[in-house]
Amino acid sequence: MSDIDSLERQILDAIDNAADEAALETVRVSALGKKGSISELLKSLGAMSPEERREKGPLFNGVRDRVAAAIAERKTVLARLKLDARLAFERIDVTLPPRPELRGTIHPVSQVQDEITAIFADLGFAVAEGPDVEFDEYNFTKLNIPPDHPARQMHDTFYVSRQTDGARHVLRTHTSPVQARVMLSQKPPIRVIVPGRTYRRDSDATHTPMFHQVEALVIDEETHLGHLRWVVEEFCSAFFEVERIELRARPSYFPFTEPSVEWDMRCDRSGGQIKFGTGNDWLELGGSGMVHPRVLEMCGIDPSRYQGFACGFGIDRMAMLKYGAPDLRPFFESDLRWLRHFGFAALDLPTLDGGLSR
Ligand code: DAH
């Protein structure tokens, strides 16, 4: 074997044996670097006679090309080995239960939202959604609250700056605009609930600028206040997990319903804890009514053929009542101690059969 051949063999072996990128780099520098063995060979061509150069030139260049190719190949192999090792080292078994100190809990608002959804799903309602940043048109006008209507003042609205096309956006002050969205996009019969975030400029122990509501909407050919009452009753008795509840209807006013009714539930606050179904106190639940014919008309539904009812309740307040939280503000402060105290096990989904909150 010639000297050149054995040099090549030696370098190729060193390349194959390089255990990591640093070792490979050392081999590369010793062969192809400025003072490397192959570089020296190539330099020696300058001192040769033209004939000798014609013979050795291709020989040396061939060695250089093969060594360079071997280095590149080894580099790829080493990079792959490194990645494989890292993947094996960092592998996480996502099926393992979480470590206790890292275990999260379900926020009471999410829990109550899931409970409400389970109850209404059982009654045949679907869930509808709409955006938090809403058109003024849907939040107010289509709900029979025209621009100068005094009811707008009651809503303490957050306005978003006017768009280039002149349209005005608001942070929705209630979930009712989704009624309009649903009626404009679905044909009756309609049976939906809309749980979601709502916003008003208000803040004290029982009000936060962001809060949650759930809206229910039913549109069909024959619906009346009796249906509305039955739905509210069924819902309350399932939600508060009491067999017998007693509701009181109070006449009220909402621009988007006619007639409008507010519901109170009989309760007992005497023992420091609230009990439902007995006692001499009344707990306000929320507003409701038969959907105003003008609203139906503005949302493309023929009021001479269809009618319906709607209601809207505050989710946070229901969570406070059911789970005994006295102040609303900690709901949105993300204090882990509060969340651990009031939170729910992540894998317990509320169902009517299995129990909503057990
Ligand atoms: N959107 C009303 C509010 O936030 C609540 C409400 C009242 C909703 C009557 C309704 C309804 O669907 O029919 O004050």
Side-chain angles (χ1 to χ4, degrees), residues 116 120 123 125-130 132 134-146 149-158 170-184 190-202 206-220 223-233 235-236 247-265 283-296 298-299 301 303 306-318 328:
I116 293 171
F120 275 101
L123 297 175
F125 285 71
V127 173
E129 289 182 316
D132 290 15
E134 183 57 282
F135 288 107
D136 182 292
E137 172 84 9
Y138 289 120
N139 196 77
F140 294 121
T141 315
K142 283 214 166 7
L143 297 173
N144 202 26
I145 315 177
H149 197 286
R152 288 197 176 212
Q153 251 126 56
M154 286 161 34
H155 280 236
D156 294 316
T157 312
F158 285 112
V170 299
L171 295 187
R172 66 178 181 192
T173 57
H174 48 179
T175 41
S176 306
V178 186
Q179 286 190 26
R181 289 181 172 273
V182 169
M183 287 189 269
L184 284 164
I190 291 171
R191 243 180 285 161
V192 294
I193 56 161
V194 185
R197 290 199 174 98
T198 47
Y199 306 82
R200 289 188 200 182
R201 293 192 298 139
D202 215 352
T206 51
H207 297 90
T208 48
M210 190 278 290
F211 57 106
H212 299 81
Q213 288 190 336
V214 60
E215 191 88 8
L217 174 72
V218 171
I219 306 285
D220 209 335
T223 46
H224 54 70
L225 278 177
H227 295 138
L228 167 60
R229 183 183 185 110
W230 183 83
V231 167
V232 176
E233 237 164 38
F235 168 67
C236 289
L247 287 183
R248 176 171 81 174
R250 271 183 294 117
S252 185
Y253 170 77
F254 299 102
F256 35 92
T257 45
E258 182 58 37
S260 301
V261 184
E262 277 186 75
W263 298 98
D264 301 332
M265 194 163 103
L283 173 84
E284 283 181 36
L285 287 170
S288 72
M290 300 304 295
V291 180
H292 199 295
R294 272 190 53 69
V295 172
L296 292 175
M298 280 187 279
C299 296
I301 289 184
Y306 294 104
Q307 56 203 195
F309 62 82
C311 58
F313 295 150
I315 291 183
D316 317 279
R317 238 165 60 81
M318 292 200 283
L328 181 59

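What you see is a predicted model, and the numbers here were worked out from it, not measured in a lab. Counting starts at 1 for both ligands and their atoms, following the listed order.
Residue E134 is tested with R181, R197, R172, K142 for a salt bridge (Lys or Arg N to Asp or Glu O under 4.0 Å); the sole match is R181.
The side chain to side chain donor-acceptor pair (under 3.5 Å) check on T198 picks up nothing, with sequence neighbours excluded. Every residue was checked against the salt bridge (charged side-chain N to carboxylate O under 4.0 Å, His left out) condition with D316, not counting sequence neighbours, and none meets it. For the salt bridge (charged side-chain N to carboxylate O under 4.0 Å, His left out) test, no residue two or more places apart in sequence or in another chain qualifies with D156.
Judged purely by atom type and a 3.5 angstrom limit, T175 has no side-chain atom pairing as donor or acceptor with the backbone of P195.
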In a simple table, one pair per line, please give the protein and ligand 1 atom names for every N or O pair closer than 3.5 Å, along with the distance.
residue: ligand 1; atom: 1 (N); partner: H174; partner atom: ND1; Å: 2.9
residue: ligand 1; atom: 1 (N); partner: S176; partner atom: OG; Å: 2.9
residue: ligand 1; atom: 4 (O); partner: R200; partner atom: NH2; Å: 2.9
residue: ligand 1; atom: 4 (O); partner: Q213; partner atom: NE2; Å: 3.0
residue: ligand 1; atom: 12 (O); partner: Q179; partner atom: NE2; Å: 3.1
residue: ligand 1; atom: 12 (O); partner: E215; partner atom: OE2; Å: 2.6
residue: ligand 1; atom: 12 (O); partner: C311; partner atom: N; Å: 3.4
residue: ligand 1; atom: 12 (O); partner: C311; partner atom: O; Å: 3.4
residue: ligand 1; atom: 13 (O); partner: A310; partner atom: O; Å: 3.1

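With a 4.5 Å cut-off on side-chain heavy atoms, V295 and M183 count as touching.
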